[in-house]
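Heavy-atom basis, side chains included; hydrogens, waters and symmetry copies ignored.
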Amino acid sequence: MSNLERDPVESVSGPEPTHAAAIQVLAPRDVPLGGPRAMRVRRTLPQRGRTTIGAWCFVDHYGPDDVAASGGMLVPPHPHTGLQTVSWLFEGEIEHRDSTGSAEFVRPGAVNLMTAGRGIAHSEVSTPATTRLHGVQLWIALPDASRGIAPFFEHAQVEPVIVDDAEVRVFAGSLPGVEASDGLDQEGAVTVFSPLVGAQVELPAGGEAWIELDPAFEHGLLVDLGPLTATIPALDDEPDDARPDADPLAVAGHTTGLARGELGYIGVGHEGVRLRAGADAPARAVLIGGTPFGEELVMWWNFIGRDHDEIAEFRRQWQADVIAAGDADGRFGTVDGFDGAPLPAPELPTVRLKPRS
């Protein structure tokens, strides 16, 4: 999915606090994607004070939408640089096409991962058979050493793994003891370029699970169905009455209630989180995480770069090569099979984009 805002907010990323005892609740903001009948999404990353969680730098949550009322998803060809896009659905079906020649449908239980590298263009359209659309669109920032690679696309089916009362589907990276390849088809895990995890966790009404975490990671829990209660143990430098051999499902520490659409941030140093659904309703969350991303980023529109001049050059090439049809084989290539025009870039702001130091 593109960032279709006509006046996109510049997002700059640098060092941010990653050590926190309690869970920080990040509220979403409502973002319209296009005109008055267009889809609306709930965006929790980036936002002021928290632009990345590991290498995850963009979280859009949408639906469930009645496609007859919203018009569904119709995102024309648009560019990306320096990132990976992850498409994960709860309901519906989306057709992906990109300038590497890939054409693939994504449905619930499968992951589409597109690596933009030095530059790619793609379109996303909900299919005519889709009556309800519901899912998340996530971006992963590529580290400097990998962001200039050639673009490519991957698709994989993901099977659930049972953890206590939960069904866990690891669609990228790994959880301690649950590798993504354990739940993916025999073609193996999708490719990532930094240590991270992306997973769906589902609980029945009244269910609970202890989800092990990598303590070197910071994590985020995006609640799709809720409410959901999350408990993390006290850190080593905090007072804690729990015995060393205590049942993790009885762990005491910091408990936070998370409503649908909220994202709970868990800092580094935590080895697990207890998740509990309400007594009367199931719960579902998307867990993201990774080692803190130590590089400076500039995110503007659909580009990730390192400084203003780089972003400006990406925009110039998109406008000249694709919108003005100057070079079909340029940095972003051509998306075949989409019935319509590509998406023009917004105007750059009048001040220089600056990464946070």
Side-chain angles (χ1 to χ4, degrees), residues 20 22-28 41-45 47 50 53-54 56 58-64 86-91 108-111 134-140 158-178 180 183 196-214 217-233 248-249 251 253-267 270-290:
I23 297 174
Q24 177 189 7
V25 179
L26 304 179
V41 301
R42 298 172 292 279
R43 185 166 298 164
T44 47
L45 277 184
Q47 62 174 267
R50 180 62 53 195
I53 297 177
W56 301 94
F58 185 92
V59 175
D60 270 2
H61 178 210
Y62 55 89
V86 178
S87 298
W88 183 255
L89 285 178
F90 309 122
E91 296 179 86
V111 61
H134 185 190
V136 291
Q137 180 72 21
L138 313 169
W139 294 359
I140 304 169
V158 185
E159 300 301 329
V161 176
I162 303 302
V163 179
D164 296 327
D165 294 334
E167 282 193 351
V168 179
R169 290 172 168 83
V170 180
F171 54 78
S174 64
L175 279 171
V178 184
L196 58 80
V197 63
Q200 174 181 298
V201 181
E202 288 187 279
L203 285 165
E208 60 182 2
W210 172 257
I211 306 298
E212 291 188 43
L213 303 177
D214 186 329
F217 286 12
E218 53 185 348
H219 293 86
L221 273 168
L222 174 69
V223 177
D224 174 63
L225 294 177
L228 178 70
T229 300
T231 301
I232 51 176
L249 288 179
V251 69
H254 302 281
T255 297
T256 303
L258 296 169
R260 182 174 181 272
E262 292 181 334
L263 189 149
Y265 172 77
I266 302 172
H270 294 282
E271 297 183 350
V273 59
R274 184 182 73 192
L275 301 180
R276 179 177 295 166
D280 300 322
R284 178 167 58 206
V286 173
L287 173 69
I288 59 173

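- Checked by atom type and distance alone, the side chain of R42 never pairs as donor or acceptor with a backbone atom of A27 at under 3.5 Å.
- The closest donor-acceptor contact from the side chain of E212 to the backbone of G272 lies at 3.5 Å or more, if one exists at all.
- Side-chain atoms of W56 come within 3.5 Å of backbone atoms of V197 as a donor-acceptor pair (strictly under, hydrogens ignored).
- In this structure, the side chains of H270 and H254 stay at 4.5 Å or more apart for every pair of heavy atoms.
- Residue P204 comes nearest to A277 through the heavy atom pair O-CB, 3.3 Å, listed as atom of the first residue, atom of the second, then distance.
- Counting all heavy atoms, side chain and backbone alike, R50 lies closest to L45 at O-CD2, 3.1 Å.
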Quick one: do I288 and L222 satisfy side chain to side chain contact (heavy atoms under 4.5 Å, CB included)? Show the steps, please.
CA-CA 8 Å; I288 59 173; L222 174 69; over 6 Å; no
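- Of the residues listed (T231, L213, T256, L287), the one engaging V273 in a side-chain contact (heavy atoms from CB on, under 4.5 Å) is L213, and it is the only one.
- The closest side-chain heavy-atom distance from I53 to Y265 is below 4.5 Å.
- A pairwise comparison of heavy atoms in A166 and L203 identifies CB-CD2, 3.7 Å as the closest pair.
- Here the closest heavy-atom approach between residue A285 and residue L228 is recorded as CB-CD2, 3.9 Å.
- Annotation for V223 and A259: closest pair CB-O, 3.5 Å, computed over non-hydrogen atoms.
- Panel note: side chain D164, backbone W210; a donor-acceptor pair is recorded below 3.5 Å.
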V161 vs V170, side chain to side chain contact (heavy atoms under 4.5 Å, CB included): CA-CA, chis, key distance, verdict
CA-CA 8 Å; V161 176; V170 180; over 6 Å; no
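- The shortest side-chain heavy-atom distance between E167 and Q200 does not fall under the 4.5 Å cut-off.
- The aromatic rings of F90 and H61 sit perpendicular, their planes meeting at an angle over 60°, well past the 30° parallel limit.
- Two residues are said to be in side-chain contact when any heavy atoms from C-beta on lie closer than 4.5 Å; P28 and R43 fail this criterion.
- Atom CG of residue D214 and atom CD of residue E271 lie 9.5 Å apart, to the nearest 0.5 angstrom.
- D165 places no side-chain N or O within 3.5 Å of a backbone atom of A209 that could act as its donor or acceptor partner.
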Where do V25 and L258 land on the side chain to side chain contact (heavy atoms under 4.5 Å, CB included) test, with the steps shown first?
CA-CA 7 Å; V25 179; L258 296 169; 3.8 Å; yes
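- The main-chain N or O of D224 is found under 3.5 Å from a side-chain atom of R260 such that the two form a donor-acceptor pair.
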Please step through side chain to side chain contact (heavy atoms under 4.5 Å, CB included) for the pair I23 and L221, ending with a clear verdict.
CA-CA 10 Å; I23 297 174; L221 273 168; 5.7 Å; no
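- At a threshold of 4.5 Å between non-hydrogen side-chain atoms, the residues V86 and V111 count as touching.
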